[in-house]
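Remember, predicted model here, so these are calculated numbers, not experimental data.
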Amino acid sequence: MSEDNPELRDFLRARRARVTPADAGLPPEPGVRRVPGLRREEVARLAGVSVDYYVRLERGRNLNVSESVLDAIARALQLDETERRHLVALAKPSRRRPRTPAPQRVRPGLLRILETLTDVPAMVTGRRLDVLAANRLAKALYRDFDALPPRERNMARFVFLDPLARELYADWESSARSVVATLHLYAGRNPHDPALAELIGELSVRDQDFRVWWADHDVYQRTHGTKHYRHPVVGDLILGYEALTPTGDQDQVLGVHTVEPGSPSEATLRLLASWTAEPVTP
């Protein structure tokens, strides 16, 4: 019998390998363990399911598993809430026939919001981290995505394939890993997106870091945080960010940077603003 869900299989194996018996509160045992984390039977016992059932689930079998069982497995594997939702998405995929999604468009009102944000960088990203629109400061901070062919207007391609990105992010590895984990979260909800498969294939072939981190099966939900940049023109910038999902389109995110009032970064951001004055275009 073939495996039906390799993404579910690989995610469960990766998470099982990260939990030690001590983490799970299991008593020590003599001898040397042959696995880096929990055994399948240990996960099954902690989750209150049969070993055979868990083995079939981890092998990607279509078991019509209930959310209560998935919650128990999530607790056994010590998943956070984002990982738990990802597990549910992988184990209970939509039964609807896959359709090619329509091209995304940014609402006129959202574009007007970008136009009013003149003091901080802001952009709207869509499926697969495609850049749908950006204000002039976002173009100055990252690059002018409008000048690129449509296929290349994508933050993952920018982070991994544009040499400028490795210089721009002070902690490039952390930022790049979060991009990979964000794509994995999207992949769990949209396993049949052909453009995603093309993107993952291209990045895996062209960048070894992406290929290695994709195999880790980390997932990440963008919310808020702080980024440190080293801009080639104006120098160091420490900016906060907020990721906002517009009502009515869960596949778009309005990302807005913030800056501490009176900080050196505020003055540097003003300098960056004076460096460019291009209008926003979708």
Side-chain angles (χ1 to χ4, degrees), residues 101-170 172 175-176 178-180 182-183 186 193-207 209-210 222 227-237 239 241-244 246 249 251-259 265 268-282:
Q104 287 184 291
R105 298 288 184 267
V106 181
R107 294 197 302 258
L110 208 52
L111 286 175
R112 285 193 288 271
I113 290 176
L114 283 181
E115 292 170 350
T116 63
L117 295 173
T118 58
D119 297 330
V120 292
M123 67 168 58
V124 178
T125 55
R127 307 183 193 107
R128 306 166 296 272
L129 296 178
D130 290 339
V131 178
L132 304 179
N135 69 359
R136 64 184 180 87
L137 267 179
K139 295 176 184 179
L141 177 61
Y142 299 103
R143 66 167 306 151
D144 186 358
F145 289 98
D146 293 341
L148 299 175
R151 179 180 176 276
E152 297 179 19
R153 299 171 191 171
N154 178 276
M155 283 302 294
R157 281 192 172 94
F158 169 73
V159 168
F160 282 97
L161 303 182
D162 193 326
L164 295 176
R166 294 179 185 258
E167 302 298 326
L168 176 64
Y169 292 97
W172 178 85
S175 297
S178 71
V179 165
V180 176
T182 300
L183 285 178
Y186 173 83
D193 184 341
L196 174 67
E198 179 188 1
L199 174 64
I200 300 308
E202 177 186 4
L203 295 178
S204 296
V205 169
R206 298 181 61 183
D207 190 276
D209 289 326
F210 181 91
R222 291 175 291 167
K227 294 282 188 182
H228 184 182
Y229 299 94
R230 289 174 178 157
H231 194 272
V233 174
V234 298
D236 284 347
L237 279 162
L239 302 176
Y241 68 89
E242 297 287 335
L244 311 172
D249 193 339
D251 285 334
Q252 292 190 22
V253 173
L254 170 62
V256 182
H257 279 295
T258 61
V259 63
S265 291
T268 305
L269 197 59
R270 290 198 198 100
L271 181 60
L272 183 64
S274 68
W275 182 57
T276 182
E278 298 180 7
V280 65
T281 54

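Contact annotation: the side chain of Tyr241 approaches that of Lys227 to within less than 4.5 Å [non-hydrogen atoms, C-beta and beyond]. Side-chain contact between Pro150 and Asp130 is absent, with no heavy atoms from C-beta onward closer than 4.5 Å. The closest side-chain heavy-atom distance from Val131 to Phe158 is not below 4.5 Å.
A distance-only check finds a donor-acceptor pair linking the side chain of Ser274 to the backbone of Leu271 [under 3.5 Å]. Between the side chain of Ser178 and the main chain of Ser175, a donor-acceptor pair closer than 3.5 Å is present. Arg230 places no side-chain N or O within donor-acceptor distance of the main-chain N or O of Glu167, the cut-off being under 3.5 Å. Between the side chain of His231 and the main chain of Ala140, a donor-acceptor pair closer than 3.5 Å is present. For the pair Arg153 (side chain) and Phe145 (backbone), a donor-acceptor distance under 3.5 Å is present.
Within the model, atoms CD of Glu202 and CG of Leu161 stand 5.5 Å from one another, a figure rounded to the nearest 0.5 Å. Note that the CG atom of Leu137 and the CE atom of Met123 stand 11.0 Å from one another [nearest 0.5 Å]. For the atom pair Arg128 CZ and Leu183 CG, the distance stands at 10.0 Å (nearest 0.5 Å). In this structure, Asn135 CG and Thr116 OG1 are separated by 9.0 Å, a value rounded to the nearest 0.5 Å. Distance CG/Leu168 to CG/Asp162: 9.5 Å, rounded to 0.5 Å. Here CG of Leu254 is found 11.0 Å from CG of Leu132. Values are rounded to the nearest 0.5 Å.
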Evaluate side-chain contact (heavy atoms from CB on, under 4.5 Å) for Thr125 paired with Arg222, printing each intermediate quantity in order.
CA-CA 11 Å; Thr125 55; Arg222 291 175 291 167; 3.1 Å; yes
CA sep, side-chain torsions, deciding dist, call: Thr258, Val120, side-chain contact (heavy atoms from CB on, under 4.5 Å)
CA-CA 6 Å; Thr258 61; Val120 292; 5.7 Å; no
From CA spacing to verdict: side-chain contact (heavy atoms from CB on, under 4.5 Å), Leu237, Leu141
CA-CA 10 Å; Leu237 279 162; Leu141 177 61; 4.0 Å; yes
Before you tell me yes or no, could you show the steps for Leu148 and Arg143 under side-chain contact (heavy atoms from CB on, under 4.5 Å), namely the whole-Å CA-CA distance, both residues' side-chain angles and the distance that decides it to 0.1 Å?
CA-CA 9 Å; Leu148 299 175; Arg143 66 167 306 151; 3.5 Å; yes
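The minimum heavy-atom distance between Ala138 and Ala122, with the atom names listed, is CB-O, 3.3 Å. Taking both residues in full, the closest heavy atoms of Phe210 and Ile200 are given as CZ-CD1, 3.6 Å, listed atom of the first, atom of the second, then distance. Across all non-hydrogen atoms, the minimal contact from Val253 to Ala243 is CG1-CB, 3.8 Å. Summarising the geometry of Leu199 relative to Ala156, their closest heavy-atom pair is CD2-CB, 4.5 Å, with the distance given to 0.1 Å.
The salt bridge (Lys or Arg N to Asp or Glu O under 4.0 Å) check on Glu198 picks up Arg151, with sequence neighbours excluded. Considering only residues two or more places apart in sequence or on other chains, Tyr169 meets the ring-ring contact (aromatic ring centres under 6.0 Å, His included) condition with Tyr229.
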What side-chain donor-acceptor pairs closer than 3.5 Å can you find for residues 103-114, not counting sequence neighbours?
unit_1, atom_1, unit_2, atom_2, d
Gln104, OE1, Arg127, N, 2.7
Gln104, NE2, Asp251, O, 3.3
Arg107, NH1, Thr247, O, 3.1

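At most 12 non-hydrogen atoms from other residues, nucleotides or ligands lie less than 6.0 angstrom from CG of Asp119.
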